[in-house]
Amino acid sequence: MLTSAVKSPGRTDTTLPLPNQRWLEALTRLTQNLTTPDFYPALVECIKTICPQSEIICTLYPDRMGPQSVYHELQEAHQIELNTRVYDQAAFRLDPFYQAVRNGFSGVCRMRELAPGDFDSSLYYRTFYKNVDVGDEVGLFFEVRRQERLVVSIGMMKDEASERLLRELRALHPLLAAMVLRHGEGSEYVQEAAHAVLNRRLRNFGQGVLTEREQDVAQLMLRGCTTREIIQLLGVREGTVKVHRKHIYSKLGINAQAELFGLFMDSLQGV
């Protein structure tokens, strides 16, 4: 990627990537997918425009919860197992990247800059990291929403990350950070909106056909409540619930609970 050196006050020279066709196309796709499941592949595609010879893993770190590998480009089965399941379940606790997340770090940093000086002798290296097939690793640390953080781990296949690459990643970090934050806010809004629509559809299911009490029973059935739970929630007898269920089936022209779920799913088209 073409670059241009720009002097930042109080800092060393920062090398900013100048736009080229591939970068503009990748940035366009990232912008278009801000609130879609394709956001992380698009984010990785942008990063790949400046470090194509790398393997990238995107890991979410929710507050007080274990990590979640949300996207990766790994090809070999043993590396996928190591870098996702093994890491997510236990190894992360010793990871210098994880410690940086807990300390609220935001920015770009190499693994060995965060690790202790005797990293090659550390428990994390001996039990896990020496099996990770990379020559060097760079982490991009982002805030997603609230207390949730994202680390984009860039594994350099052979050589160490060059100072030029680090400068470019640091220069791009503010732009990518804004995109990640917008994705987090947008995804949260979309999820909340979909949840609100789902609750509204549940409340209104059967309106105009069922009585208000029959709607209550149908809604609880759709939420997966058992007959005993419906009795407790509505304060009615078992026979009353059976009568309501019989009327619901009759009025809706169905014969089983599975058909009730089918009708409700049909009503969700477009949500």
Side-chain angles (χ1 to χ4, degrees), residues 33 35-48 51 53-158 160-161 169 173 176-177 179-181 183-185 187-188 190-191 195 224:
N33 287 286
T35 57
T36 77
D38 290 328
F39 174 78
Y40 291 114
L43 175 64
V44 168
E45 183 183 1
C46 274
I47 296 171
K48 280 274 195 175
C51 49
Q53 303 302 316
S54 63
E55 288 186 339
I56 297 179
I57 303 172
C58 297
T59 306
L60 280 177
Y61 294 85
D63 186 33
R64 293 187 294 275
M65 293 177 60
Q68 301 171 8
S69 298
V70 292
Y71 182 75
H72 66 79
E73 294 189 315
L74 302 174
Q75 300 295 323
E76 298 182 16
H78 74 281
Q79 286 296 322
I80 295 174
E81 171 79 1
L82 182 69
N83 284 279
T84 56
R85 192 186 67 80
V86 174
Y87 178 86
D88 291 358
Q89 291 186 2
F92 74 92
R93 299 183 187 279
L94 301 173
D95 184 5
F97 280 0
Y98 173 64
Q99 300 304 321
V101 166
R102 294 187 64 186
N103 292 329
F105 177 75
S106 179
V108 179
C109 202
R110 296 164 79 170
M111 169 66 77
R112 293 183 180 274
E113 293 172 339
L114 293 171
D118 58 347
F119 179 59
D120 289 356
S121 301
S122 67
L123 180 62
Y124 180 67
Y125 181 87
R126 288 186 288 108
T127 61
F128 177 80
Y129 199 76
K130 69 178 182 179
N131 298 312
V132 177
D133 189 19
V134 295
D136 196 4
E137 186 174 8
V138 178
L140 278 65
F141 296 74
F142 303 102
E143 179 181 356
V144 181
R145 55 177 177 261
R146 296 175 186 173
Q147 299 301 313
E148 191 172 55
R149 298 274 175 161
L150 171 72
V151 176
V152 178
S153 173
I154 306 172
M156 314 305 295
M157 293 301 94
K158 296 180 180 179
E160 290 187 355
L169 290 172
H173 184 271
L176 298 181
M179 294 284 195
V180 170
L181 189 60
H183 169 71
E185 293 171 346
S187 297
E188 187 173 45
V190 169
Q191 291 168 4
H195 187 66

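The shortest non-hydrogen separation linking S69 to N83 is OG-O, 3.9 Å. Taking each heavy atom of Y124 and A91 in turn, the nearest pair found is CE1-O, 3.5 Å. Of all the heavy atoms in L82 and F128, the pair that sits closest is O-CE1, 3.3 Å. Of all the heavy atoms in V180 and F39, the pair that sits closest is CA-CZ, 3.8 Å. Minimum interatomic distance between E73 and K48 (heavy atoms only, all atoms of both residues): OE1-CE, 2.6 Å. E148 approaches P62 most closely through the heavy-atom pair OE2-CG, 3.9 Å.
Formation of a donor-acceptor pair under 3.5 Å by the D95 side chain with backbone atoms of F97 is found in this model. Remark: the backbone N or O of L150 is not paired with any side-chain donor or acceptor of E143 at under 3.5 angstrom.
Each salt bridge (charged side-chain N to carboxylate O under 4.0 Å, His left out) pair with one or both residues in residues 110-124, not counting sequence neighbours, appears once here: R110-D136, R110-E160, R110-E163, R112-D120, E113-R170. Sorted by first and then second residue, the salt bridge (charged side-chain N to carboxylate O under 4.0 Å, His left out) pairs with a member in residues 76-91 read E81-R85; sequence neighbours excluded.
In this structure, OH in Y40 is found 14.5 Å from CD1 in I57, a value given to the nearest 0.5 Å. Taken to the nearest 0.5 Å, the CZ atom of R149 stands 12.0 Å off from the CG atom of L60. Within the model, atoms CG of L169 and CD1 of I154 stand 4.5 Å from one another, a figure rounded to the nearest 0.5 Å. Atom CD1 of I56 and atom NE2 of H72 lie 13.0 Å apart (nearest 0.5 Å).
Between E137 and S153, the side chains place a donor N or O and an acceptor N or O closer than 3.5 Å (distance only, hydrogens not considered).
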In sequence, state the C-alpha distance, the side-chain angles, and the governing distance for L43 and M179, and then conclude on side chain to side chain contact (heavy atoms under 4.5 Å, CB included). CA-CA 9 Å; L43 175 64; M179 294 284 195; 5.8 Å; no
Check against side chain to side chain contact (heavy atoms under 4.5 Å, CB included), E55 and Q79: CA-CA 11 Å; E55 288 186 339; Q79 286 296 322; 5.8 Å; no
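Scanning for ring pair (Phe, Tyr, Trp, His ring centres under 6.0 Å) contacts around H173 gives F142, with sequence neighbours left out. The salt bridge (charged side-chain N to carboxylate O under 4.0 Å, His left out) search around E45 returns R29, not counting sequence neighbours. Residues passing the ring pair (Phe, Tyr, Trp, His ring centres under 6.0 Å) test with F92, sequence neighbours excluded: Y98. Residues passing the ring pair (Phe, Tyr, Trp, His ring centres under 6.0 Å) test with F119 are Y125, Y129, sequence neighbours excluded.
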